[in-house]
Amino acid sequence: MALKLRFLAMLLFLLLASTAKANPNVFDVTSATYGAKPGSDVTKALVKAWSDACASPSASKAPTNAGQFTRPDTWVGFQYIDKLTLSGGGTFDGQGALAWGQNDCHKNKNCKPIPINLRFEFITNSRVQDITSLNSKNFHMHVFGCKHTTFQHLTITAPDESRNTDGIHIGASTGINITHAKIGTGDDCVSIGDDSHQITVTDVTCGPGHGISIGSLGRYKEEKAVTGIIVKNCTLTNTQNGVRIKTWPDSPSPSSTASDIHYENIIMVNVSNPILIDQLYCPYTQCDQKPPSKVKISNVSFKNIKGSSFTPLAVKLVCSRGVPCENVKLTDIDLTYGGDQGPLTSLCSNVKPTITGVKKALACATSSLAPLPLSKK
């Protein structure tokens with residue numbers, strides 16, 4: 001395994017870290033003890049550092065206090081590595097219960113950083129498999145600047161009430177494959193941010209959580225396009241959303257785009273908002289009365305999506321009145337609702353989808369240019 005490195009100042013396994021300046025429980029492969037150098041084969045250094053970490057007499061769980069981490073936003077981090085394999089069947093227990101109550105990022109855009117269980121940055125031609133991430137304080141896995149990397153046979157778990165515990169978040173990455181994973185958290189099972197291309201999510205079971213989401217997009221300046229997303233053969237159970245694209249109103253200029261996004265063979269079980277495009281996404285009250293989103297959504301298909309909706313509104317396509325969605329297709333959609341809140345229905349705004357094999361109640365036959373209330377979820 002050829003590993004090329006320039007780490008965060010850590011390819012580390014952080015074990016019950018203390019606030020002491022000399023921390024015996026930090027295992028840094030770039031230190032003199034292990035001798036790893038940038039651009040070299042660091043296999044031996046990594047194996048020895050990992051072995052020493054596993055042999056430590058200290059408990060091998062994350063600190064409960066987020067302030068005890070060497071890097072405040074990361075527990076275990078990997079950066080600038082080619083041909084990394086992380087596997088072995090172990091569990092990364094982030095002990096996040098205390099931190100969830102302190103995490104206000106769902107309502108405060110200037111919130112303090114809270115550690116992510118596993119951070120992968122600028123990893124190429126790599127594989128992460130057969131591991132468990134449990135009760136992360138923040139996102140379970142953050143994937144940024146990575147290429148041609150597969151995440152498979154993963155278990156990612158946190159309770160429904162945990163905040164901002166996205167299972168796998170992807171940004172600025174190309175050729176990422178997530179497959180055969182079981183994800184249940186308090187936020188998105190999988191979330192895909194800007195500058196992401198050729199992302200495939202297959203055979204994932206999701207729930208609890210907020211669903212499988214693209215976005216949110218359009219919040220920051222100079223965001224780049226999202227293209228080539230495939231979500232296929234997935235099952236979502238008791239989630240707040242199903243398959244979702246979300247963008248902010250009042251996007252900074254220049255605008256970005258999200259295109260060539262395809263959902264196919266999806267099973268929904270008691271899911272709120274099973275099919276959702278939400279270009280009025282805004283969890284903060286200061287977004288009220290803002291101009292429409294500038295993110296352009298096009299070439300999106302929802303095909304063979306079946307199951308049950310927790311609410312009567314099973315299909316909701318709310319696009320931007322500034323840049324309406326284009327070339328959206330609904331094919332073979334069969335969703336039911338058995339509750340008492342009204343008849344099964346759908347809503348489309350600023351989009352004229354192509355409809356094939358969809359019952360009338362879900363067909364979104366008309367589109368409206370009238371403003372709609374902002375979404376707070």
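Contact between His140 and Ser133 at its shortest, heavy atoms only, is ND1-OG, 2.7 Å. For Glu223 against Gly218, the heavy-atom pair with the smallest separation is OE1-N, 2.6 Å. Listed here is the closest heavy atom pair of Thr185 and Thr165: CB-O, 3.1 Å. Residue Pro292 comes nearest to Ser320 through the heavy atom pair CB-OG, 3.5 Å, listed as atom of the first residue, atom of the second, then distance. The nearest pair of heavy atoms linking Leu236 to Gly242 is CD2-O, 3.5 Å. Residues Gln279 and Val323 share a closest heavy-atom pair of OE1-O, 4.3 Å.
A donor-acceptor contact under 3.5 angstrom links the side chains of His197 and Asp195, judged on distance only. Under the 3.5 Å distance criterion, with hydrogens and angles disregarded, no donor-acceptor pair is assigned to the side chains of Thr91 and Asp93. Between the side chains of Thr124 and Asp82, at least one donor-acceptor pair of N or O atoms lies under 3.5 Å. A donor and an acceptor atom, one from each side chain of Gln152 and Thr179, are nowhere located under 3.5 Å apart. For the residue pair Asn304/Asp332, the side-chain donor-acceptor check at 3.5 Å is not satisfied. No hydrogens or angles considered: a donor-acceptor pair under 3.5 Å links the side chains of Ser191 and His169. Between the side chains of Ser216 and Trp248, at least one donor-acceptor pair of N or O atoms lies under 3.5 Å. Thr74 and Arg119 are linked by a side-chain donor-acceptor pair at a separation below 3.5 angstrom, with hydrogens and angles left out of the test. A donor-acceptor contact closer than 3.5 angstrom links the side chains of Asn265 and Asn233.
Salt bridge status for Lys232 with Asp203: absent, with no side-chain N to carboxylate O gap under 4.0 Å. Taking a cutoff of 4.0 Å between a charged side-chain nitrogen and a carboxylate oxygen, Asp188 and Lys246 qualify as a salt bridge.
For the pair Ile81/Val42, no side-chain contact is recorded, criterion being any heavy-atom separation below 4.5 Å from C-beta on. For the pair Leu276 and Val243, the minimum side-chain heavy-atom distance is 4.5 Å or more. Under the 4.5 Å side-chain criterion, counting only non-hydrogen atoms from C-beta, Thr150 is not in contact with Gln129.
A donor-acceptor pair under 3.5 Å is absent between the side-chain atoms of Lys329 and the main chain of Val300, judged by distance alone. Remark: the backbone N or O of Val295 is paired with a side-chain donor or acceptor of Ser293 at under 3.5 angstrom.
Ring pair Phe122/Tyr80 is parallel by interplanar angle, where below 30° counts as parallel and above 60° as perpendicular.
Not less than 2.5 angstrom separates the SG atom of Cys234 from that of Cys206.
Note: Phe120 and Phe151 meet the aromatic proximity criterion, with ring centroids under 6.0 Å apart.
Other residues, nucleotides and ligands place more than 12 heavy atoms under 6.0 Å from the NZ atom of Lys359. Within a 6.0 Å radius of OH in Tyr337, more than 12 heavy atoms belonging to other residues, nucleotides or ligands are found. Other residues, nucleotides and ligands place more than 12 heavy atoms under 6.0 Å from the NZ atom of Lys306.
Across Thr331, Leu330, Ile333, a single residue satisfies side-chain contact (heavy atoms from CB on, under 4.5 Å) together with Thr356, and that is Thr331.
A search for salt bridge (Lys or Arg N to Asp or Glu O under 4.0 Å) contacts involving Lys296 returns Glu326, not counting sequence neighbours.
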